[in-house]
Student: 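Provided herewith is a single structure, encoded as structure tokens, for subsequent inquiry.
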Number of protein chains: 2
Amino acid sequence: MQKEHNLSKNQKIIFDLIDKSGGPMKAYSILFSVQKKGIKAPLQVYRALDKLVEIGKIHKIESRNAFIACQNSSCQISKATAFSICESCENVSEISNSKLSKYLSNFSDNSGMKYSKYNLEFFGLCKKCKSK
Amino acid sequence: MQKEHNLSKNQKIIFDLIDKSGGPMKAYSILFSVQKKGIKAPLQVYRALDKLVEIGKIHKIESRNAFIACQNSSCQISKATAFSICESCENVSEISNSKLSKYLSNFSDNSGMKYSKYNLEFFGLCKKCKSK
DNA sequence: CTTCTAAATGTTATATTATTACATAATGTT
DNA sequence: AACATTATGTAATAATATAACATTTAGAAG
Ligand SMILES: [Zn+2]
Ligand SMILES: [Zn+2]
Ligand SMILES: [Zn+2]
Ligand SMILES: [Zn+2]
């Protein structure tokens, strides 16, 4: 079970927005959407995003500079993330595959590195875009 | 064998700089370093970087907005990249592990996505930083 | 060698993404 | 109440990346 975090006002506004959007959102698009709720400055958005990433409620899609709500709410995998990204329609979804996460979490090589976190992004074409 | 590409003047200047640096470099730090060679504008740097990424001579470290020379010059893996990143000293190295790349290249799930590319970033502490 | 085309370059301006710095307020703990 | 921690508000600015347009260079085709 994931630890329950009491989100602050700004954190809640921003998390709800991202969560309801169902897909990745960019920081300045978030900013635009929450201005009517009194969040006026980029920093207010980035601070909430940082915190939400830290506690695992959202993840950053690094290749897109965008943020998506965690789609595995019941498990704590914010340090082991995998995404599937359609290069045509930009649809993103979080991959939840226990064999994959086990394989990557246990990965080690002879470099002497101690790995504590990973992020994997797969790119390709989704079902819809393939058949166009 | 990787296809031989004749790099253009700017591409060669920028590739040589990144390659010789031995680590990841950021676009504007590259720009600063090549100004004495006549490359004056960000776009000149970004165009060369885009091309070098496309042909696999360099890779972008997405989580760092930085570019590193491919450390697997003999193989064509620009569409299947894996990196190890030290969160303390920011040392980055390209992981060349055939089992890992085979596992990921063959990965598929029931989402209907057809994967053609992936990028994996491992984070942790390198040997040196661990023992501090 | 000439014509055509694709790729690369040069230049200016601008868009997008993210952080620094400083002041204040709210929340939780002892 | 005193203290520490976390969150907020605001302004300015830094860092990263692209748009638009003109020109030049390098290859391919005839
Ligand atoms: Zn998640
Ligand atoms: Zn698609
Ligand atoms: Zn490589
Ligand atoms: Zn290190």
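Heavy-atom basis, side chains included; hydrogens, waters and symmetry copies ignored. Order of the sequence lines fixes the chain letters, A, B, ..., with proteins taken first and strands second; residue numbering starts at 1 for each chain.
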Student: What are the two closest non-hydrogen atoms of Glu121(B) and Ser63(B), and how far apart are they?
Tutor: OE1-OG, 2.7 Å
Student: Return the value, rounded to whole Å, for the distance between atom NZ of Lys12(B) and atom P of dT9(C).
Tutor: 13 Å
Student: Under the ring pair (Phe, Tyr, Trp, His ring centres under 6.0 Å) rule, what do Phe107(B) and Phe122(A) come out as? Steps first, then yes or no, please.
Tutor: CA-CA 9 Å; Phe107(B) 179 80; Phe122(A) 279 108; 5.0 Å; yes
Student: Any donor-acceptor pair under 3.5 Å linking the side chain of Asp19(B) with the backbone of Phe15(B)?
Tutor: no
Student: So, does Ser8(B) get its side chain near the phosphate of dT25(D), meaning an N or O under 4.0 Å from OP1 or OP2?
Tutor: no
Student: Could you check whether any side-chain N or O of Ser131(A) sits under 3.5 Å from a backbone N or O of Lys128(A), counting only pairs where one atom can act as donor and the other as acceptor?
Tutor: yes
Student: Could you state the CD1-P distance from Ile61(A) to dT17(C), rounded to the nearest angstrom?
Tutor: 14 Å
Student: Is Lys37(B) near enough to dT9(C) that one of its side-chain N or O atoms lies under 4.0 angstrom from OP1 or OP2?
Tutor: no
Student: Between the protein and nucleotides 27-29 of chain D, list every N/O to N/O distance that falls short of 3.5 Å.
Tutor:
none

Student: Indicate the atoms forming the closest heavy-atom contact of Ser101(B) with Ser98(B), along with that distance.
Tutor: OG-O, 3.2 Å
Student: Output the rounded distance in Å from NZ (Lys40(A)) to P (dT8(D)).
Tutor: 15 Å
Student: Between Phe67(A) and Gln44(B), who's closer to the 5' end of DNA chain C by nearest nucleotide?
Tutor: Gln44(B)
Student: Which whole-number value in Å describes the distance from Gln11(B) CD to dT25(D) C1'?
Tutor: 13 Å
Student: Using atom CG of Leu52(A) as one end and atom C1' of dT6(D) as the other, report the distance to the nearest whole Å.
Tutor: 14 Å
Student: Is it the case that the side chain of Ser33(B) and the backbone of Ser29(B) share a donor-acceptor pair, with hydrogens and angles ignored and the cut-off at 3.5 Å?
Tutor: yes
Student: Could you walk me through whether Tyr28(A) and Val45(A) pass the side chain to side chain contact (heavy atoms under 4.5 Å, CB included) check?
Tutor: CA-CA 8 Å; Tyr28(A) 277 73; Val45(A) 173; over 6 Å; no
Student: Taking only nitrogen or oxygen atoms into account, show me every contact under 3.5 Å that the protein makes with nucleotides 13-16 of chain D, one pair per line with its distance.
Tutor:
residue	atom	partner	partner atom	Å
dT16(D)	OP1	Lys26(B)	NZ	2.3

Student: Do Asn10(A) and Ser8(A) pair up side chain to side chain, a donor and an acceptor below 3.5 Å, judged on atom types alone?
Tutor: no
Student: Testing the 3.5 Å rule here: is there a donor-acceptor pair between the side chains of Glu62(A) and Asn119(A)?
Tutor: no
